[in-house]
Amino acid sequence: MDPDRASARLRVLLRHLACRSAGTVIARHTSGVGSLASFHPQQFQYTRENNVLSLEQRKFYEENGFLVIKNLVSDADIQRFRNEFERICRGEVKPFGLSVMRDVTIPKSEYVPSEKVVSKVQDFQEDEELFRYCTLPEILKYVECFTGPNIMAMHTMLINKPPDSGKKTSRHPLHQDLHYFPFRPSNSIVCAWTAMEHIDRNNGCLVVLPGTHKGPLKPHDYPQWEGGVNIMFHGIQDYDKNNARVHLVMEKGDTVFFHPLLIHGSGRNKSQGFRKAISCHFADANCHYIDVDGTSQKNIEKEVVNTIRKKYGFKDITLKDVWAFRGRVVKGERINL
Ligand SMILES: O=C(O)CCC(=O)C(=O)O
């Protein structure tokens with residue numbers, strides 16, 4: 001999208017939001033669910049009835065908060081995402097709104113436009129080639145099981161986890177994605193995360209704490225890591241250290257769908273290669289924005305809003321405006337978000 005069209009879209013969104021500012025609701029926590037043995041279809045609260053998931057798959061997600069679907073995205077599509085990522089890294093395309101992140105161990109002064117210094121691109125909603133990921137029918141078919149038929153793509157990332165420099169900064173601390181999101185209800189939000197190559201413990205696979213999606217949103221902050229922490233990598237200090245951990249070893253094209261309260265992170269990349277994954281957080285278009293004042297999300301609100309104000313010079317922009325701009329409808333109707 002060219003910058004003029006993108007800024008026109010932003011202005012329309014801001015006007016739209018200004019008209020609806022009366023609908024703000026305060027953050028609430030999610031309660032727990034009964035044991036696996038006692039499930040009846042009418043008790044499912046994290047999945048919807050639409051004949052896509054088998055009963056076993058539904059039960060698995062209800063109980064664990066994640067579900068891996070093998071071989072979902074084709075090699076051809078993954079190659080296209082890789083090519084576009086490389087074009088972005090070389091500076092050949094500059095989609096409006098995109099954030100290009102580098103690992104904390106690479107000083108700004110050493111930044112050269114190359115895949116070797118980019119650890120992640122975020123908010124690629126205006127890049128039609130990468131955004132194809134969020135519109136793939138094979139992805140949306142599963143997303144609908146969690147969001148229902150009106151689907152917004154809210155948050156997009158292509159993660160290029162670099163080989164660890166020895167300072168362990170390639171780790172991603174344990175966190176809940178809901179910390180970053182000022183919209184609810186949490187059960188109508190799901191992340192799709194697709195491995196762009198074989199990913200295991202050696203190159204830093206995802207690690208999840210099954211069942212933690214049934215707990216509340218916990219306070220997050222920067223971990224006190226000796227070697228430094230990447231920007232906006234907030235983590236949870238207080239989690240049950242005895243909770244089981246599952247390392248998700250995935251092949252190229254495998255996709256994990258997970259709940260935004262599921263505690264997860266990823267390990268150090270001990271290989272020499274850059275470990276790639278592409279992901280999108282989807283939400284039911286009926287979700288509503290919340291006011292994060294007085295909640296544990298206030299710290300991330302400040303950080304995000306200050307970053308956007310500095311980057312684009314929008315003095316009065318709010319967290320809600322930022323998310324309304326990031327969000328794009330991918331199926332059905334745009335309703336609240
Ligand atoms: O891909 C990874 O290493 C972890 C990504 C993640 O959990 C996130 O960005 O929220």
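First listed ligand is number 1; within each ligand, the first listed atom is number 1. Keep in mind the model is a prediction, meaning the values are calculated, not measured.
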Given the side-chain rings of His213 and His259, with only the six-membered ring counted for Trp, is the space between their centroids under 6.0 Å? yes
Neighbouring protein residues of ligand 1 - any heavy atom closer than 4.0 Å: Lys120, Met157, Ile159, Lys161, His172, His175, Asp177, Trp193, Leu206, His264, Ser266, Arg275
Quick one: ring pair (Phe, Tyr, Trp, His ring centres under 6.0 Å) partners of Phe258, sequence neighbours excluded? His264
Please report the interatomic distance CZ(Phe81) to CD(Glu129), rounded to the nearest 0.5 Å. 7.0 Å
Less than 4.0 Å between a side-chain N and a carboxylate O, is that true for Glu49 and Arg58? yes
I'd like to know if Lys298 and Glu301 make a salt bridge, using a cut-off of under 4.0 Å between side-chain N and carboxylate O. yes
Are more than 12 heavy atoms from other residues, nucleotides or ligands located less than 6.0 Å from atom CG of Asn306? yes
